Number of protein chains: 2
Amino acid sequence: MSVLWTARALCLGAVALSLVAELLVRLLRRLRPAGTLNEVLFFPSEVVCVQHLFSSLPACPCICPLRHGPETSLSRLLRHVMSASSSLDLCIFAFSNANLCRAVLAVHAKGVTVRVLTDKDYAAITGSQIGVLRKAGICARCDSSSVHMHHKFALVDGRLLLTGSLNWTLTGVQSNMENVLVTEEPDLVRPFVEEFHRLWE
Amino acid sequence: MSVLWTARALCLGAVALSLVAELLVRLLRRLRPAGTLNEVLFFPSEVVCVQHLFSSLPACPCICPLRHGPETSLSRLLRHVMSASSSLDLCIFAFSNANLCRAVLAVHAKGVTVRVLTDKDYAAITGSQIGVLRKAGICARCDSSSVHMHHKFALVDGRLLLTGSLNWTLTGVQSNMENVLVTEEPDLVRPFVEEFHRLWE
């Protein structure tokens, strides 16, 4: 009799443990998606070769005089932009950086839906890449108001937010002291998704 | 005998439950501090009276012609800045907004250590509040390089980060489309704390 009841007690304990463990897993999933990315990139970024990020032929090494190989803030930013697999929404005050333009073109070329919102005054300046994006068939809209669209954020697949002080310019990337905050935190991403939709319509 | 073993089984279950519950609470505390704040403020902010934020006399209502009472992006930002109880570290490219200056002076007046890093070119323009802060005894440093210190972030008590596209100017607050991301997420706050220390030294 006592063996039977010991077995029953052990079973009851095991059931209780498994139930609470499941509850724990569900709670953790709700509070924080697995592997939530939180990262901060600071600029200026060291000037190195980023050719390998765009090349599908690793067997043909780049022969440019820049340093090859090291990961920098710019290469991290380019990788995040190019990780888009379904949508890329950009809201960028000044966009003149050729490497970031190349990344957006690469994303567009693989069939990702790209939408660009920018400031009308800065879209017209020399060196702006907005014309290049439009020529490639990317939809780029300018605000029509007299005030500045001063945001500098990107939404990758509606789940990854890149935002901060950095305009997508050569000065921003190579000279200024700047930051880009990278996060998948839903409480931070959601408002930016909603704001992009509001500004786009 | 069976009653005794039923009681033992129940006790075992209760102990198992309480142990796993404690484990759950400890895990949650480690993963996310209680009440971690994540908030996004968008601008332009509606122009309303913010006098009540600075006044310790609620019995004397302000008689200015602006709307009174509604919470706006600016009032939220002012509240976050004024919540500082031990330190306030500012890294702001352009600082000319009188209300934000008033908030920083109020924080300084209650004994909080305030440090300000700003861009040397913009510190000298008409309307800059850097001189006002210095006259009040606040330590404000300018970068000595030829490039721009383009950050726009604040660290409240080293635990709350306010960062985004917003310069602390009247145009930024009342006209432009801007964002300020507010977070206590340690993975996002820590890099900004380290960057501030690096730039300050």
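Because only heavy atoms are used, hydrogens play no part in the values below, and waters and symmetry mates are left out as well, while side chains stay in. Residue numbers start from 1 in every chain, and the chains themselves are labelled A, B, ... in the order their sequence lines are given, proteins ahead of strands. What you are looking at is a predicted structure, and each value in this text was computed from that prediction instead of being measured.
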- [ ] Give a yes or no on whether the backbone of B/Val15 and the side-chain of B/Ser18 come within a donor-acceptor separation of less than 3.5 Å.
- [x] yes

Task: Smallest separation among heavy atoms of A/Leu188 and B/Val40, with atom names - done: O-CG2, 3.8 Å

Task: Contact residues of residues 70-96 of chain B (partner chain A; heavy-atom separation under 4.5 angstrom) - done: none

- [ ] Could you list the residues that satisfy salt bridge (charged side-chain N to carboxylate O under 4.0 Å, His left out) with A/Glu46, not counting sequence neighbours?
- [x] A/Arg67

Task: Rounded distance [0.5 Å steps], CG in B/Leu17 versus CG in A/Leu19 - done: 8.5 Å

TODO: Could you list which of residues 190-199 of chain B have a heavy atom closer than 4.5 Å to any heavy atom of chain A, in residue-number order?
DONE: B/Pro191, B/Phe192, B/Glu195, B/Leu199

Task: B/Leu181 versus chain A, the contacting section by heavy-atom distance below 4.5 Å - done: side chain

- [ ] Taking the side chain as every heavy atom from C-beta outward, state whether A/Thr183 and B/Asp187 have any atom pair closer than 4.5 Å.
- [x] no

Open item on the list: Taking 4.5 Å as the heavy-atom cut-off, does anything in residues 146-176 of chain A contact chain B, and if so which residues?
Closed with: A/Val147, A/His148, A/Met149, A/His150, A/His151, A/Lys152, A/Phe153, A/Leu161, A/Thr163, A/Gly164, A/Ser165, A/Asn167, A/Ser175, A/Asn176

Task: Gap separating the CG atom of B/Leu105 from the NZ atom of B/Lys135, nearest 0.5 angstrom - done: 11.5 Å

Open item on the list: Tell me if the NZ atom of A/Lys110 is crowded by more than 12 foreign heavy atoms within 6.0 Å.
Closed with: yes

Task: From OG1 (B/Thr118) to CD (B/Gln129), nearest 0.5 Å - done: 11.5 Å

Task: A/Val116 side chain near A/Arg141 side chain, heavy-atom distance below 4.5 Å - done: no

Open item on the list: Is any side-chain heavy atom of B/His68 closer than 4.5 Å to one of B/Cys62?
Closed with: yes

- [ ] Flag the pair B/Phe43 / B/Val180 as yes when at least one side-chain heavy-atom distance between them is below 4.5 Å, and no otherwise.
- [x] yes

Task: B/Tyr122 OH: over 12 foreign heavy atoms closer than 6.0 Å - done: no

Task: Part of B/Val182 within contact of chain A (heavy atom distance under 4.5 Å) - done: backbone

Open item on the list: Treating B/Arg102 as the side-chain partner and B/Phe54 as the backbone partner, does any N or O pair qualify as donor plus acceptor under 3.5 Å?
Closed with: no

Task: Under 3.5 Å donor-acceptor, B/His108 side chain and B/Ala136 backbone - done: yes

